[in-house]
Amino acid sequence: MTAPTEPTAPATRSATGATTSTRSTTSTTPTTPTPDIDVLHYSAFTTHPDGGNPAGVVLDAAAVADDDAAMTAIAARVGYSETAFITERDETARRYRLRYFSPLAEVAFCGHATIATAVALAERDGPGELVFDTASGEIRVETTADGDGPPRATLTSVPTRSRPADPATEIEPTLAALGWSADGLDPALPPHVAFAGNDHLVLAAATRERLADLDYDFDALDAVMRRRGWTTVHLVWRETADGATENVAFHARDPFPVGGVVEDPATGAAAAAFGGYLRVLGLVDGQTRIRIRQGEDMGRPSDLLLDITPDDPRSRVSGQAVPIPRTGRETNPRTA
């Protein structure tokens, strides 16, 4: 797969396994024209633009800061799972108001767009600490330069929490929409609803083959997720099962129909919530680093590092990001 040269959605798998893009609609209701908006295109949790999760990044969204419909329409035109908008700034303090929009609606918190925005700022202003004020709360991000490679960003989430999922109202309808059965789940990793700014249902597959075979009913899963208020369903498979607390690896997939996206190639918010899940289950023994590999089954391999400790409810999620070799200049789509 080559890097996108136009602001289109990343390739995703449909319910039939075919390549598809975001499902979205763009309002054409007339409104007062606004200045052109510079949209940067980055791919997060990768060192290659044809991997990772693409995000739109608007470093100056002051012109549309009070126009949610315009930001939603810009995100729909860009076509990625999320576009991040800096609507307010204190450059001296390196503090920014950051909002996230999928092609369909605003999202309270998005991990990969946070990483992408932080790297874009680090490339413009130099590495260091950044503070993002989001709808979910304050998110601190440390950016560092890794030699000749792209900058690395580490976000610290809001405090996480996790609770067992309800069998009748949450687990059963989700399994039905996925076309999975309960005996295909890992009994050592029970279903939970985990939070790190957004709610995510965590389901652990018993085998890599089960995780790879994702052929789900988009509309049915969308309906379940909207009823429960989930942002993604975080499907994981534990590669390391010997109880080791070092070099633990998981593979993950994240259906995102509520955002108009069949699948997310890398989901930092879900990774942060997953850290809270592991901590609540008592699977964190001292400071633990988890490697999460996501996006392989849809052709956009992504690498996320998750750091968690037993006595801290927050998660730390790290990754690199690179520009996609083209930037778009988006006008207000509702006037186009």
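Worth knowing before you read on, the calculation uses all heavy atoms, side chains too, and leaves out hydrogens, waters and symmetry mates. Source: prediction; values computed, not measured.
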### For the student: nearest non-hydrogen atoms of Val233 and Pro255, plus distance
O-CD, 3.0 Å
### Query
Under a single-linkage definition using a 4.5 Å side-chain heavy-atom cutoff for Ile, Leu, Val, Met, Phe, Trp and Tyr, are Val131 and Leu121 assigned to the same hydrophobic cluster?
no
### Message
A side-chain contact here means heavy atoms from C-beta on lying under 4.5 Å apart; do Val58 and Asp38 qualify?
### Response
no
### Query
Which atom pair, heavy atoms only, marks the closest approach of Ile324 to Pro54?
CD1-CB, 3.8 Å
### Message
Quick check: closest heavy atoms across Val322 and His48, and the distance to 0.1 Å?
### Response
CG2-C, 3.7 Å
## Note on the structure
Separation between CZ (Arg238) and CG (Leu283), nearest 0.5 Å, reads 6.5 Å
### Query
For the atom pair CG (Leu59) and CD1 (Ile86), what is the distance rounded to the nearest 0.5 Å?
5.0 Å
### Query
Would you say the side chains of Gln294 and Thr267 form a donor-acceptor pair under 3.5 Å?
yes
### salt bridge (Lys or Arg N to Asp or Glu O under 4.0 Å) between Arg97 and Asp133, intermediate numbers included
CA-CA 5 Å; Arg97 176 69 176 170; Asp133 293 307; 6.0 Å; no
### Task
Please check if the side chain of Arg226 supplies one atom and the backbone of Val258 the other of a donor-acceptor pair under 3.5 Å.
yes
### Message
Nearest 0.5 angstrom please: Leu155 CG to Ser318 OG, how far?
### Response
7.5 Å
#### Entry: Test ring pair (Phe, Tyr, Trp, His ring centres under 6.0 Å) applied to Tyr42 - qualifying residues, sequence neighbours left out
none
### Ring center gap for Tyr100 and Phe85 short of 6.0 angstrom
no
### Query
Looking only at atom types and distance, does a side-chain atom of Ser136 sit under 3.5 Å from a main-chain N or O of Gly197, one as donor and one as acceptor?
yes
### Query
When rounded to the nearest 0.5 angstrom, what distance separates CZ in Phe132 from OG1 in Thr117?
5.5 Å
### Transitive ILVMFWY side-chain link Ile290 to Val280, under 4.5 Å
no
### Task
Grab the two heavy atoms, one from Ala271 and one from Leu304, that are nearest each other, plus how far apart they are.
CB-CD2, 3.9 Å
### Task
Please test His200 against Trp230 for side-chain contact (heavy atoms from CB on, under 4.5 Å), starting from the C-alpha separation and ending with a verdict.
CA-CA 5 Å; His200 306 262; Trp230 302 332; over 6 Å; no
### Query
Is the shortest side-chain N to carboxylate O distance from Glu91 to Arg94 below 4.0 Å?
no
### Query
Hey, does Thr154 have a side-chain heavy atom less than 4.5 Å from the side chain of Val141?
no
### Beyond-backbone contact of Ser43 with Arg300, side-chain heavy atoms, under 4.5 angstrom
yes
### Query
Can any side-chain N or O of Tyr277 pair as donor or acceptor with the backbone N or O of Ala272 at less than 3.5 Å?
no
### Task
Return the minimal non-hydrogen interatomic distance between Gly259 and Leu104, and the atom names on each side.
C-CD1, 3.8 Å
### Query
Between the side chain of His234 and the main-chain N/O of Leu203, is any donor-acceptor distance below 3.5 Å?
no
### Message
Tell me if the centroids of the rings in His251 and Trp237 come within less than 6.0 Å of each other.
### Response
yes
### Separation between CD1 of Ile308 and CG of Asp285, rounded to the nearest 0.5 Å
11.0 Å
#### Entry: Ion pair Glu170/Arg227, N-O distance below 4.0 Å
no
### Query
Is any side-chain heavy atom of Val119 less than 4.5 Å from a side-chain heavy atom of Thr143?
no
### Query
Salt bridge between Arg99 and Asp68, side-chain N to carboxylate O under 4.0 Å?
yes
### Query
If we only count heavy atoms from C-beta on, is the Trp180 to Leu185 side-chain gap below 4.5 Å?
yes
### Query
Does the side chain of His192 pick up a donor-acceptor pair with the side chain of Ser162 at under 3.5 Å?
yes
### Message
Let's go through Thr114 and Phe109 carefully: what are the C-alpha distance in whole Å and the side-chain angles of both, what is the deciding distance for side-chain contact (heavy atoms from CB on, under 4.5 Å) to 0.1 Å, and is it a yes or a no?
### Response
CA-CA 8 Å; Thr114 299; Phe109 175 63; 3.5 Å; yes
### Query
Does Arg314 use its side chain to pair, donor to acceptor, with the backbone of Thr160 at less than 3.5 Å?
no
### Check: His41/Tyr80 side-chain N/O donor and acceptor closer than 3.5 Å
yes
### Query
Under the side-chain contact (heavy atoms from CB on, under 4.5 Å) criterion, do Phe250 and Leu189 qualify, and how do the steps go?
CA-CA 12 Å; Phe250 285 84; Leu189 297 169; 4.0 Å; yes
### Query
Is the shortest distance from a Lys or Arg side-chain nitrogen in Arg228 or Asp199 to a carboxylate oxygen in the other one below 4.0 Å?
no
### Task
Verify, without hydrogens or angle tests, whether Gln320 (side chain) and Asp303 (backbone) share a donor-acceptor contact under 3.5 angstrom.
no
### Note, Asp90 side chain near Tyr96 side chain (heavy atom, < 4.5 Å)
no
### Query
Which atom names give the shortest non-hydrogen contact between Val236 and Leu211, and what distance separates them?
N-CD1, 4.2 Å
### Query
Just checking, any donor-acceptor pair under 3.5 angstrom between side chains of Thr309 and Asp312?
no
### Message
Under the rule for side-chain hydrogen bond (donor to acceptor under 3.5 Å, both in side chains), what residues qualify as partners of Glu138, not counting sequence neighbours?
### Response
Arg95, Arg140
### Query
Can you check whether Ala62's main-chain N or O pairs, donor with acceptor, with Asp60's side chain at less than 3.5 Å?
yes
### Message
Could you go through Ser81 and Asn53, starting from their C-alpha distance and side-chain angles, then the distance that decides it, and tell me whether this counts as side-chain contact (heavy atoms from CB on, under 4.5 Å)?
### Response
CA-CA 8 Å; Ser81 58; Asn53 196 354; 3.7 Å; yes
### Message
Please check: side-chain N/O of Ser302 versus main-chain N/O of Pro265, any donor-acceptor pairing under 3.5 Å?
### Response
yes
### Main-chain N/O of Thr156 paired to Arg316 side chain as donor or acceptor, under 3.5 Å
no
### Query
Between CG of Leu130 and CG of Leu98, what distance do you get to the nearest 0.5 Å?
10.5 Å
### Query
Quick one: does Leu214's side chain get under 4.5 Å of Met298's, heavy atoms only?
no
### Hphob cluster co-occupancy, Leu305 + Val284, side-chain heavy atoms under 4.5 angstrom
no
### Query
Do Thr288 and Asp307 touch side chain to side chain, with heavy atoms closer than 4.5 Å?
no
